[in-house]
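Everything below concerns the one structure shown next.
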Amino acid sequence: MQISGLRSSGFQPISVGTASVPSATPSPLPEKPVDPVDDVEISSAALKAFSDSQTSTQTDDSDSEELSEEEQKQVSDLKERDAEVRAHEAAHAATGGSFAGSPSFEYQVGPDGKRYAIGGEVSIDTSPIDGNPQATIDKLRQVQAAALAPAEPSDQDRKVAQQAAAKLREAEAELSAEKQAELRGETPTEPGKPADPLVQQQVQQAAAAYEKVAALA
């Protein structure tokens with residue numbers, strides 16, 4: 001899994017989401033855009049996810065009567081999975097706010113001919129806010145909350161939260177070094193100029209901790 005780089009000039013998302021279940025007859029995955037994260041109102045995305053869930057899982061009586069008992073059971077299971085997946089991804093999107101994209105889904109066609117979501121993901125921007133460690137800290141805390149927002153976070157969700165935590169410690173070290181420099185009456189380092197040795201040491205230590213966590217992903 002890739003985690004975003006150290007600059008926010010280029011948007012580099014990672015994904016959190018539910019794992020798909022095996023399918024005997026999966027439908028083609030929806031084509032993903034080049035830039036999967038749009039500037040959207042996440043509350044609208046969450047509402048759309050639940051609305052789509054209701055629409056995709058509606059089955060009229062005539063269709064049910066034409067299905068065998070085994071097929072009806074399969075449809076019932078797919079409906080349950082669909083609702084679970086959509087609720088999971090909506091939780092990520094709603095908590096991630098402006099740092100999260102709209103949920104995308106992987107579908108399976110049921111015996112009734114309808115499509116059901118069996119897996120999904122939400123892209124989340126984890127790149128630091130250049131030159132503003134406090135804003136980076138606030139952002140990464142929200143990223144952590146978004147990754148762990150569902151009632152049952154997946155393994156991927158937990159990895160994203162762990163990586164955000166490592167980058168959070170790096171930002172906290174940078175902020176602490178800046179505050180210490182201010183207390184000593186030193187001028188904060190301007191972009192492009194060598195940093196204070198203490199700042200460099202603390203940031204390097206935090207970066208090393210981040211690299212160890214990232215290597216486990």
#### Entry: Check: Pro111 and Leu78 side chains under 4.5 Å, non-hydrogen atoms
yes

### Query
Looking only at heavy atoms, which two atoms of His88 and Ser154 are closest? And how far apart?
CE1-N, 4.1 Å

### Task
Heavy atoms only: give me the nearest Gly101-Val122 pair and the separation to one decimal.
O-CG1, 3.4 Å

#### Entry: Minimum heavy-atom distance between Ala147 and Val160, given as atom pair plus value
CB-CG1, 4.0 Å

#### Entry: Residues that Lys179 engages under side chain to side chain donor-acceptor pair (under 3.5 Å), provided they are two or more places apart
none

### Message
Could you walk me through whether Lys159 and Asp155 satisfy the salt bridge (Lys or Arg N to Asp or Glu O under 4.0 Å) test, starting with their C-alpha distance in whole Å, then the side-chain angles of each, then the deciding distance to 0.1 Å, before giving a yes or no?
### Response
CA-CA 6 Å; Lys159 287 182 180 179; Asp155 290 341; over 6 Å; no

### Query
Within the side chain of Glu106, is there an N or O that forms a donor-acceptor pair under 3.5 Å with the backbone of Gly120?
no

### Task
In plain terms, say whether Lys139 and Asp125 are close enough for a salt bridge, that is, a side-chain N and a carboxylate O under 4.0 Å apart.
yes

#### Entry: Sub-4.5 Å side-chain heavy-atom contact between Pro150 and His92
yes

### Query
Are any of the side-chain heavy atoms of Phe105 and Arg115 separated by less than 4.5 Å?
no

### Task
May I ask you to check whether Asp138 and Gln142 show a side-chain donor-acceptor distance below 3.5 Å?
no

### Message
One thing to verify: whether Arg81 and Glu84 come together as a salt bridge, which I'm taking to mean a side-chain N less than 4.0 angstrom from a carboxylate O.
### Response
yes

### Message
Less than 4.5 Å apart, side chain to side chain, heavy atoms only: is that true for Thr126 and Gln163?
### Response
no

## Note on the structure
Nearest heavy-atom approach of Ala146 to Ile124 is CB-CD1, 3.9 Å

### Task
Please tell me if the side chains of Pro103 and Glu121 come closer than 4.5 Å, counting only heavy atoms from C-beta onward.
no

### Query
Less than 4.5 Å apart, any side-chain heavy atom of Ile118 and any of Asp82?
no

### Task
Could you pull out all residues at least two apart from Leu148 that satisfy side chain to side chain contact (heavy atoms under 4.5 Å, CB included)?
Pro153, Arg158, Ala161

#### Entry: 4.5 Å side-chain heavy-atom contact, Gln74 and Lys79
no

### Query
Which of these, Glu170, Glu172, Lys167, sits in a side chain to side chain contact (heavy atoms under 4.5 Å, CB included) with Leu140?
Lys167

### Task
Drop me the distance from Ser123's OG to Phe99's CZ, to the nearest 0.5 angstrom.
15.0 Å

### Query
Applying the side chain to side chain contact (heavy atoms under 4.5 Å, CB included) test to Ile137, which of Leu175, Ile129, Asn132 qualifies?
Leu175

### Query
Is any side-chain heavy atom of Val75 closer than 4.5 Å to a side-chain heavy atom of Tyr116?
yes

### Query
More than 12 foreign heavy atoms under 6.0 Å from CD of Glu71: is that the case here?
yes

